[in-house]
Amino acid sequence: MRALFEYYPGFNKTIPIAKLGNFPTPVEKLPNLGKSIGLDNLYIKREDISGPDYGGNKLRKLEFLFGKAIEDKKKSVITFGAVGSNHALATSVYANKLGLKCAVIMMPQKNHDYVKKNLLAHAALGTELIEFDKNIPMPNQTLKLAKSLGKRYGSEPMIIPFGGTTPLGSLGTVNAAFELKKQALRVEMPEPDSIYVAFGSMGTAAGLILGLKAAGMKTEVHCISVVDSTWSNKERLVELLNGIGTLLCESDSAFPNIKAGDCAYDLTYEFFGEDYAIFTPKGIEALDLIKETENIDLDGTYTAKALSALIDHAGNGGLKDKTVLFWNTLNSVDISALTSKAEYQDLPEFCWRYFEV
Ligand SMILES: *Cc1c(COP(=O)(O)O)cnc(C)c1O
């Protein structure tokens, strides 16, 4: 049973969940990286192996979103993302597993190897990929696609916003906070003082922030933004936190009534760099250092920026004697069985330019 449901059994009756992931994910010590940056108690949360077919942070949200989709007898889902979006791929992988059709409206982004890899996986999965038209408002494009899917598959699709971030999706990491509490009680790691997590569509961090407060933990969440402040900002985070709190209390009145103002977090854009998916020098240093010391592979778009903040704060002496947890949101499950099955010419033509450079 998911940890949140053990603590609050009332949710079993009110919140459906599609059990797709391998939870709890392990916590592990990073002794070598810790030593090189002067931290005796540095740990990693292995969200990278959250699921059998594709890991990373999006699966926790999808368990709740797909739980609702199945309850509502949906046949298809629509979501959104940059062409290299890990969220879009996670959604397609697990929609496929549940027999749901998946369509994604895609935005352009800076090219990287992982962008090609994710696109090839979509080709193998048969994801319906649609190019975002910047001359048409997004709601209109979504409505048109929803009508088309509804007609073809006989029921209105579920619409999953960017990053899978809604109050419902964010329950994934509320659950993760209770999971972490159990891991601390079992002394798999001490209760962390600080968590460092990449901050994109905000759902991962928001669920953690509220969940840690609800679980009575002292942990402060450091949200390291990897998108600019028009997408994700304090006001939107506060709104999301309050939305999560309301959903939880409405679903089980035993759950504590928590508001954004009760929570412990901070939000910084200092490690963001120029733009989404533009790698930063500090991020690349962080990538190299964790590879060299722990043989862990991170990415430049998300996790390297979060780790560069942790390293920077350790270097300033701000984490002295603290227990610090790095939340590894990046998939590490091998998807070559998928990517080797496809050619880029199987993709719609708007994707080809990522391969023809
Ligand atoms: C999506 C993503 C994030 C950001 O998570 P949000 O819930 O959107 O804030 C962080 N890291 C990786 C690798 C991601 O794919």
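Just follow the structure's listing: the first ligand is 1, and inside any ligand the first atom is 1. Values in this document were obtained by computation on a predicted structure and should not be read as measured data.
No side-chain donor-acceptor contact under 3.5 Å links Glu179 to the backbone of Phe23. At distances below 3.5 Å, at least one donor-acceptor pair connects side-chain atoms of Tyr94 with backbone N or O atoms of Asp53. With Asn316 contributing its side chain and Gly318 its backbone, the two residues share no donor-acceptor pair below 3.5 Å. Asp48 places no side-chain N or O within 3.5 Å of a backbone atom of Ser332 that could act as its donor or acceptor partner.
The closest protein non-hydrogen atom to atom 14 (C) of ligand 1 is Lys58 NZ, 2.9 Å. With hydrogens left out, the protein atom closest to atom 4 (C) of ligand 1 is Asn57 ND2, 3.7 Å, a heavy atom.
Because its NZ or CZ atom is both nearer than 6.0 Å to the ring centre of Tyr302 and within 45° of the ring axis, Lys58 counts as a cation-pi partner of that residue.
With a 4.0 Å heavy-atom cut-off, ligand 1 is reached by no atom of Val197. Contact annotation: for His87 versus ligand 1, there are no heavy atoms closer than 4.0 Å.
Near Thr329, meaning under 4.0 Å from any of its heavy atoms, are these atoms of ligand 1: 10 (C), 11 (N), 12 (C), 13 (C). Atoms of ligand 1 lying under 4.0 Å from any heavy atom of Ala198, numbered from 1 in the order shown and given with element: 10 (C). Shown in contact with Leu330 at under 4.0 Å from a heavy atom are these atoms of ligand 1, numbered in order with element: 13 (C). With ligand atoms numbered from 1 in the order given, ligand 1 contributes 6 (P), 8 (O), 9 (O) to contacts under 4.0 Å with heavy atoms of Met202. Near Lys61, meaning under 4.0 Å from one of its heavy atoms, ligand 1 places the atoms 6 (P), 7 (O), 8 (O). Atom numbering of ligand 1 starts at 1 in the shown order; those under 4.0 Å from a heavy atom of Thr204 are 5 (O), 6 (P), 7 (O).
Considering backbone and side-chain N/O atoms, Asn86 comes within less than 3.5 Å of an N/O atom of ligand 1.
For Lys68 and Asp72, the salt-bridge test passes: some basic side-chain N is under 4.0 Å from an acidic carboxylate O. Between Glu294 and Lys29 there is no salt bridge, since no side-chain nitrogen of the basic residue lies less than 4.0 Å from a carboxylate oxygen of the acidic one.
Under a 4.0 Å heavy-atom criterion, Gly203 is in contact with ligand 1.
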Working note: Arg46 + Glu28, criterion salt bridge (charged side-chain N to carboxylate O under 4.0 Å, His left out); need CA distance, chi angles, decisive distance, verdict.
CA-CA 8 Å; Arg46 297 291 310 274; Glu28 289 168 5; 3.1 Å; yes

